[in-house]
Amino acid sequence: MHVRRSFFRLTATVFRLLALLLPAASVAACPDSWPGTDDYSATASNRLCAAGGCEAAPPAAASFEMPSVPVPEPLRQEPDTAILRRLAGPGSHLPVASYKVRRDGRVTVHRLDNRVHRGRDSWERLIPTHAKLQYAGGIGFMSAGFGWDYGPRCQWETDLMVGVVPAYNAKDPKMTLTLKQNWMPWGIRCGERFAVEPFACGIYLSTILSDRFWVREPDRYPKHYYPIATRLRAHLFVGQRVTWNTSLRRERLVRRITAYYELSTCDIYLISKVGNRWLRLSDILGLSFGVKFQFY
């Protein structure tokens, strides 16, 4: 009886020592197996080992329950750019956004749509993801601004833009402010460098900063003489986009450059078209061009 108790105590001690040593060994084995990864944190190494990215990590290490020892956790969220590149392998140069990590740690590649940008946490999501420069569109001769893209495949965009209207026959040039909402339901990859968004649409609201325009009808006019405000305009548009990926093998400040065009109209043009059958589509539609610089 005493021999059995001593044997069980010795076995329990051995298993406790293994539980302490194996998780630490798995964490230490990963950086050595990947040259040039000194800048990666221990947390990233732990996640990679758990996802199968480290051959030296023993698979049974995560089965021990030791609160005082950091145990690798399963990879349940989309990792950052560096981790995705490690999981995808050194020989692949597809855009990082093409890779998705499943709950079981396996990496899948989206062959058609690669618009997902790198993951950001907490307050970093408030940083604009892109900047735009646009010609025409009913919001000024030239306009520029920044915005955010979001959604499962980054198919939504919200932009804030400032435009300039030249003086022309007026005394001074004027400024415009625009809030723009875009929707691009599809993105099609064309090789590693290019992608096409065959359909884009949206709505935007613009206002002109001038005392000569108004929201409420001034008293100098008869009541309901102007049923529509002259300072605010609502626009609808449709268009297409072509994207060039600039960061295949190394990270750059501008990751992608997108050229686009849009056909747009505004509320006052649509109302005029309904009441005037002599107006043609070319009279109420406007053509604009723009460039988008993707940072994240």
Side-chain angles (χ1 to χ4, degrees), residues 115 125-168 170 172-186 197-218 221 223-241 258-276 279-296:
R115 294 178 294 175
R125 298 180 180 178
L126 300 177
I127 302 176
T129 60
H130 61 266
K132 284 186 178 181
L133 183 66
Q134 181 172 313
Y135 165 75
I139 56 177
F141 177 77
M142 292 293 296
S143 58
F146 56 87
W148 301 262
D149 51 18
Y150 48 91
R153 302 300 302 167
C154 291
Q155 71 272 30
W156 294 96
E157 286 180 1
T158 300
D159 302 321
L160 292 174
M161 307 186 74
V162 179
V164 177
V165 180
Y168 296 121
D172 300 314
K174 299 174 178 60
M175 304 290 292
T176 63
L177 294 177
T178 303
L179 176 63
K180 189 175 183 180
Q181 184 65 39
N182 310 266
W183 181 51
M184 299 76 60
W186 308 291
E197 290 167 323
F199 178 76
C201 63
I203 184 174
Y204 54 96
L205 301 176
S206 64
T207 180
I208 187 167
L209 305 180
S210 175
D211 295 336
R212 295 179 176 272
F213 300 86
W214 39 265
V215 177
R216 291 186 177 182
E217 190 176 20
Y221 298 111
K223 192 174 183 180
H224 303 301
Y225 187 79
Y226 287 107
I228 301 177
T230 59
R231 178 172 287 185
L232 293 177
R233 290 274 73 82
H235 303 256
L236 298 173
F237 74 89
V238 294
Q240 293 178 317
R241 301 183 176 193
T258 300
Y260 65 88
Y261 78 89
E262 295 173 354
L263 290 174
S264 62
T265 187
C266 67
D267 50 2
I268 194 170
Y269 288 168
L270 291 175
I271 294 175
S272 300
K273 174 62 177 175
V274 172
N276 188 350
L279 286 177
R280 298 172 297 180
L281 287 179
S282 59
D283 296 327
I284 66 172
L285 292 178
L287 180 63
S288 59
F289 302 92
V291 180
K292 171 188 172 184
F293 304 95
Q294 187 79 32
F295 303 128
Y296 291 95

J.: Minimum heavy-atom separation for H235 and S206, please, with both atom names.
T.: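 That closest heavy-atom pairing would be NE2-OG, 3.2 Å.
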J.: Tell me whether the guanidinium CZ or amine NZ of K132 lies under 6.0 angstrom from the six-membered ring centre of Y260 and within 45° of its axis.
T.: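 Because its charged atom sits under 6.0 Å from the ring centre and within 45° of the axis, K132 does stack over Y260.
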J.: How about W214 and Y221: do any of their side-chain heavy atoms sit closer than 4.5 Å?
T.: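 Heavy-atom side-chain distance check passes, below 4.5 Å.
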J.: Determine whether a donor-acceptor pair (N or O, by modelled atom type, separation under 3.5 Å) exists between the side chain of W186 and the backbone of F199.
T.: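 No: the side chain of W186 does not pair with the backbone of F199.
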J.: Say you draw a straight line from CG of N182 to CZ of F237; how long is it, rounded to the nearest 0.5 Å?
T.: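 Nearest 0.5 Å value for the CG-CZ distance: 4.0 Å.
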J.: How long is the straight-line distance from OG of S288 back to CG of L263, given to the nearest 0.5 Å?
T.: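 Spacing of CG (L263) from OG (S288) equals 7.5 Å.
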J.: Taking the side chain as every heavy atom from C-beta outward, state whether L160 and W148 have any atom pair closer than 4.5 Å.
T.: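 Touching, per the 4.5 Å side-chain cut-off.
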J.: Given M142, which of L133, V165, V164 fulfils the side chain to side chain contact (heavy atoms under 4.5 Å, CB included) condition?
T.: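 When L133, V165, V164 are each tested with M142, the side chain to side chain contact (heavy atoms under 4.5 Å, CB included) holds only for L133.
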J.: Donor-acceptor pair, T178 side chain versus K180 backbone, under 3.5 Å?
T.: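 No, the answer is negative, given that no donor and acceptor are paired below the 3.5 Å cut-off.
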J.: Can you confirm if the aromatic rings of Y135 and F141 lie within a centre distance of less than 6.0 Å?
T.: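 F141 vs Y135: aromatic centres under 6.0 Å.
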J.: Is Q181 reaching over with its side chain to a backbone N or O of G202, donor-acceptor style, under 3.5 angstrom?
T.: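 Not confirmed, Q181 side chain does not pair with G202 backbone.
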J.: Flag the pair R241 and E157 as a salt bridge only when some basic side-chain nitrogen lies within less than 4.0 angstrom of an acidic carboxylate oxygen.
T.: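 E157 and R241: salt-bridged.
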J.: Is there a side-chain contact between V162 and L177, using heavy atoms and a 4.5 Å cut-off?
T.: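 Touching, per the 4.5 Å side-chain cut-off.
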J.: Just by distance, with hydrogens left out, do T158 and Y150 show a side-chain donor and acceptor under 3.5 Å apart?
T.: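 There is such a pair between these side chains.
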J.: Closest approach of I139 and Y204, non-hydrogen atoms and distance?
T.: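 Scanning both residues, the minimum pair turns out to be CG2-CE1, 3.6 Å.
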J.: Check whether any side-chain N or O of E217 sits under 3.5 Å from a backbone N or O of Y225 as a donor-acceptor pair, and report yes or no.
T.: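 Yes, the answer is positive, given that a donor and an acceptor are paired below the 3.5 Å cut-off.
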